[in-house]
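Inspection log for the structure reproduced underneath, given as structure tokens.
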Amino acid sequence: MAENVYVADIALHEGKEVTLHGWLHGRRSSGKLHFLQVRDGTGTVQCVVFKGNVTPEAFTEADHLPQETSLAVTGLVKKEPRSPIGFEIDVRSLAVHARPAREYPLGHKEHGVAFLMEQRHLWLRSPRQNVILRVRHTVEKAIRDFFDQRGFTLVDGPIFTPNACEGTSTLFEVPYFDLGKAYLTQSNQLYMEAAAMALGKVYSFGPTFRAEKSKTRRHLTEFWMVEPEVAWLDLEGDMRLMEEFVSFVVQTALAKHRDELSRVLERDVSKLDAVQPPFPRIPYTEAVEVIRRAQEAQRAALPPEEVAKLPPMMTWGDDIGGDEETLVASAYDRPVMVHRYPAAMKAFYFKKDAQDPSVALGCDVLAPEGYGEIIGGGQREDDLETLEKAIAHHQLPREAFEWYLDLRRYGTVPHAGFGMGVERCVAWICGLHHVRETIPFARMTERITP
RNA sequence: UCCGCAGUAGCUCAAUGGUAGAGCAUUCGGCUGUUAACCGAAGGGUUGUAGGUUCGAGUCCUACCUGCGGAGCCA
């Protein structure tokens with residue numbers, strides 16, 4: 001009786017007769033030889049059916065199996081230099097488990113994005129999507145490992161929340177019994193601050209929801225975010241945590257998937273090798289200067305009528321948009337940390353810089369190669385009175401934040417944290433054009449199926 | 001919400017206002033080493049929807065629907 005094996009372990013069984021359970025990925029034929037590409041979730045192996053080695057019925061059947069037939073193949077594991085994995089299976093018998101009820105919609109040639117997204121449940125079977133999902137898994141495990149190794153406690157935040165935590169974003173509304181409306185969380189941060197005062201170093205890792213009608217390659221309505229929060233930590237310490245964290249995640253993914261990233265996803269992995277601490281730090285005010293110089297150079301190279309069509313030059317106080325992010329990030333070979341943003345454009349809970357109260361002690365990490373903001377975070381306001389004023393100034397409902405103010409009433413301490421979007425991080429590591437491929441079933445403004 | 005582009009065979013795309021086409025996939029046949037194999041044959045269409053212009057509309061016009069790309073906002 002042949003042993004059941006997975007493709008990933010095939011090298012351990014050279015010369016032995018084994019049985020492989022999988023799906024038919026592709027098929028080629030050459031008269032008295034049929035070549036079956038069989039994938040089992042751990043890899044793909046070529047199974048060679050030679051007319052002399054199987055029954056005539058099996059030989060005929062092997063040449064007529066449609067793509068995605070589920071089957072068991074039994075045969076000898078043979079070393080084969082022409083194979084990408086170094087081995088093949090010399091087939092002795094075939095057992096078809098289920099033939100497709102109809103033609104498999106996804107061929108091996110190109111397809112449009114819309115079609116592939118409609119067939120997402122099947123698209124996951126393709127080699128590229130396989131690699132991406134495996135990288136995502138590694139990234140998620142690396143995130144957990146990084147914080148676990150440093151003594152952080154994983155604290156799960158609520159998904160139903162009573163109000164907008166920052167009072168800005170558009171939230172998904174759901175009816176909630178007799179209490180009126182609840183909202184799907186857009187951030188666990190405030191809850192993590194409470195947890196940090198209890199456990200010191202904490203992080204949450206879960207889904208996040210934004211109802212904004214953003215239609216770009218960087219947006220989903222449902223995405224996964226990791227949000228660490230640390231008591232007794234200032235902005236400088238927070239920034240060190242960010243760069244060490246990002247480097248660890250990238251290097252872990254690289255160590256495990258270097259070959260797949262470059263071979264299947266055609267990622268230039270040398271760009272990821274450079275991701276090591278320290279990351280360049282640049283104050284917002286300096287970033288504005290860098291951007292303005294780049295915009296001036298751009299304008300000097302254009303005729304006046306073209307210049308007139310451009311949006312106005314960036315000035316201090318403007319947000320750093322997608323194009324500006326790329327301008328700043330492209331000057332470096334590793335992620336850039338932009339810190340001390342104008343206080344007016346940041347959420348109420350950011351602590352202001354004692355040296356210059358017009359800026360907040362916040363920091364964003366911009367990924368290279370145009371992938372944009374992957375992390376946002378900073379030091380939180382820990383003074384009760386200042387925070388009360390900030391809530392009033394932002395015209396937020398005071399009573400909703402009473403519990404949050406309690407954190408400052410009872411043993412307040414300096415603390416900081418950040419949030420990282422998993423999908424943007426995976427898209428960057430994999431070198432993908434759009435974040436929709438980094439999550440198994442993307443939720444976007446115009447798509448909720450499958 | 002705004003701006004732009006596109007909807008033709010299962011998929012990817014062609015088609016001066018004048019007979020609806022190809023590649024892949026499917027089915028059948030050929031080939032003992034194929035790597036997106038190759039060669040031969042066959043089947044496959046209410047051109048997104050509804051109006052309009054015209055002798056004649058896949059093609060031109062209007063509206064709508066769906067999708068894609070971008071902006072704003074954000075991770």
Side-chain angles (χ1 to χ4, degrees), chain A residues 25-37 44-53 59-60 63-68 78 80-85 88 90 100 102-119 122-123 126-127 166 168-171 185-189 207-227 242 246 311 318-325 345-347 364-367 371-377 418-428 433-436 438-439 444-447:
Chain A
H25 180 68
R27 176 169 49 79
R28 284 180 284 274
S29 175
S30 188
K32 303 208 166 44
L33 278 173
H34 303 314
F35 301 95
L36 309 180
Q37 321 296 326
T44 301
V45 66
Q46 176 158 278
C47 302
V48 183
V49 186
F50 176 52
K51 194 168 190 176
N53 288 342
F59 185 77
T60 305
D63 196 29
H64 290 85
L65 294 175
Q67 190 182 352
E68 294 305 313
K78 284 191 172 170
E80 173 53 63
R82 284 167 290 191
S83 161
I85 63 166
E88 283 183 347
D90 194 8
R102 59 177 75 156
E103 184 186 336
Y104 189 65
L106 302 186
H108 292 153
K109 299 251 172 165
E110 329 126 33
H111 293 291
V113 178
F115 177 73
L116 288 169
M117 286 305 289
E118 270 156 35
Q119 307 293 332
L122 302 176
W123 190 20
S126 76
E166 302 179 19
T168 51
S169 297
T170 318
L171 305 185
T185 181
Q186 58 150 346
S187 165
N188 275 323
Q189 187 205 310
T208 299
F209 308 89
R210 303 277 166 95
E212 315 229 320
K213 290 201 168 181
S214 300
K215 271 191 60 139
T216 82
R217 70 182 76 169
R218 298 196 300 274
H219 288 88
L220 299 169
T221 56
E222 177 185 309
F223 64 98
W224 285 65
M225 187 154 70
V226 55
E227 296 180 277
M242 290 178 191
V246 170
D318 291 344
D319 204 352
I320 298 183
D323 293 345
E324 290 83 21
E325 273 179 4
M345 55 186 261
K346 285 292 179 183
D364 288 350
V365 177
L366 309 182
Y371 283 92
E373 185 184 345
I374 53 169
I375 282 182
F418 62 84
M420 185 187 77
V422 169
E423 289 74 18
R424 286 190 184 176
C425 183
V426 174
W428 166 44
H433 179 70
H434 199 297
V435 292
R436 66 186 154 212
T438 66
I439 189 165
M444 295 176 292
T445 55
E446 309 292 341
R447 179 173 300 285

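Lettering follows sequence order; numbering is per chain, from 1. Only this structure's heavy atoms are used, side chains among them; waters, hydrogens and symmetry mates stay out.
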Could you measure between the two P atoms, the one in A50(B) and the one in A57(B), and give it in whole Å? 15 Å

With rounding to the closest Å, how many angstrom separate the C1' atoms on G58(B) and G45(B)? 12 Å

Contacts of type salt bridge (charged side-chain N to carboxylate O under 4.0 Å, His left out), residue Glu103(A), not counting sequence neighbours: none

List for me each residue that meets salt bridge (charged side-chain N to carboxylate O under 4.0 Å, His left out) alongside Asp318(A), sequence neighbours excluded, and say none if there are none. none

Can you tell me if Arg424(A) uses its side chain to pair, donor with acceptor, with the backbone of Arg218(A) under 3.5 Å? yes

Under the side-chain hydrogen bond (donor to acceptor under 3.5 Å, both in side chains) test, residues paired with Glu88(A) that sit two or more places apart: Gln46(A)

Detail all sub-3.5 Å separations between protein N/O atoms and N/O atoms belonging to nucleotides 1-6 of chain B.
residue, atom, partner, partner atom, Å
U1(B), OP1, Lys213(A), NZ, 3.4
U1(B), O4, Lys213(A), O, 3.3

Apply side-chain hydrogen bond (donor to acceptor under 3.5 Å, both in side chains) to Glu373(A) and list each qualifying residue two or more places apart in sequence or on a separate chain. none

All stems with RNA chain B, defined as three or more consecutive Watson-Crick or G-U pairs under 3.5 Å: B:1-7 with B:65-71, B:10-13 with B:21-24, B:26-30 with B:38-42, B:48-52 with B:60-64

Integer-rounded Å distance: G67(B) P and Met117(A) CE: 12 Å

Determine whether any donor atom in the side chain of Glu118(A) lies under 3.5 Å from an acceptor atom in the base of G67(B), or the reverse, and answer yes or no. no

Just to be sure I understand the rule, does Asp364(A) reach a base, reach only the sugar-phosphate, or reach nothing, if contact means heavy atoms closer than 4.0 Å? nothing

For nucleotides C3(B) and A42(B), find the distance between their C1' atoms and express it as a whole number of Å. 48 Å

U47(B) and G21(B), which share atom name C1', separated by this distance in whole Å: 12 Å

Name all residues meeting the salt bridge (charged side-chain N to carboxylate O under 4.0 Å, His left out) criterion together with Lys78(A); count only those two or more places apart in sequence or in a different chain, and write none if there are none. Asp90(A)

Taking ring-ring contact (aromatic ring centres under 6.0 Å, His included) as the definition, give me every residue that meets it alongside His111(A), ordered by chain and number, with sequence neighbours left out. Phe115(A)

Pi stacking test for Phe223(A) and A75(B): under 5.5 Å apart, planes under 30°: yes

Nearest-angstrom distance, P atom, A63(B) to A6(B): 16 Å

Tabulated below should be each protein N or O lying under 3.5 Å from an N or O of nucleotides 9-12 of chain B; please produce it.
residue, atom, partner, partner atom, Å
C11(B), O2', His111(A), ND1, 2.4
U12(B), OP1, Gly112(A), N, 3.0
U12(B), O2', Glu110(A), OE1, 3.3

Between Glu423(A) (side chain) and Trp224(A) (backbone), is there a donor-acceptor pair under 3.5 Å? yes

Identify whether any heavy atom of Leu33(A) sits under 4.0 Å from a base atom; if not, whether one sits that close to sugar-phosphate; answer base, sugar-phosphate or nothing. base

Quick one: list whatever passes salt bridge (charged side-chain N to carboxylate O under 4.0 Å, His left out) with Arg102(A), sequence neighbours left out. none

Applying ring-ring contact (aromatic ring centres under 6.0 Å, His included) to Phe35(A) and not counting sequence neighbours gives none

Can you list everything that forms a ring-ring contact (aromatic ring centres under 6.0 Å, His included) with His25(A)? Sequence neighbours excluded, please. His108(A)

Pair of N/O donor and acceptor under 3.5 Å linking U66(B) base with Glu446(A) side chain: no

Ignoring hydrogens and angles, are the base of C68(B) and the side chain of Arg447(A) linked by a donor-acceptor pair under 3.5 Å? no

Within this structure, what is the CG-to-P distance between Asp318(A) and C74(B), rounded to whole angstrom? 13 Å

Between G70(B), C31(B), C28(B), which nucleotide has the shortest distance from any of its atoms to the side chain of Ser30(A)? C31(B)

If I pick the P atom on U49(B) and the same atom on G10(B), what distance separates them, to the nearest angstrom? 13 Å

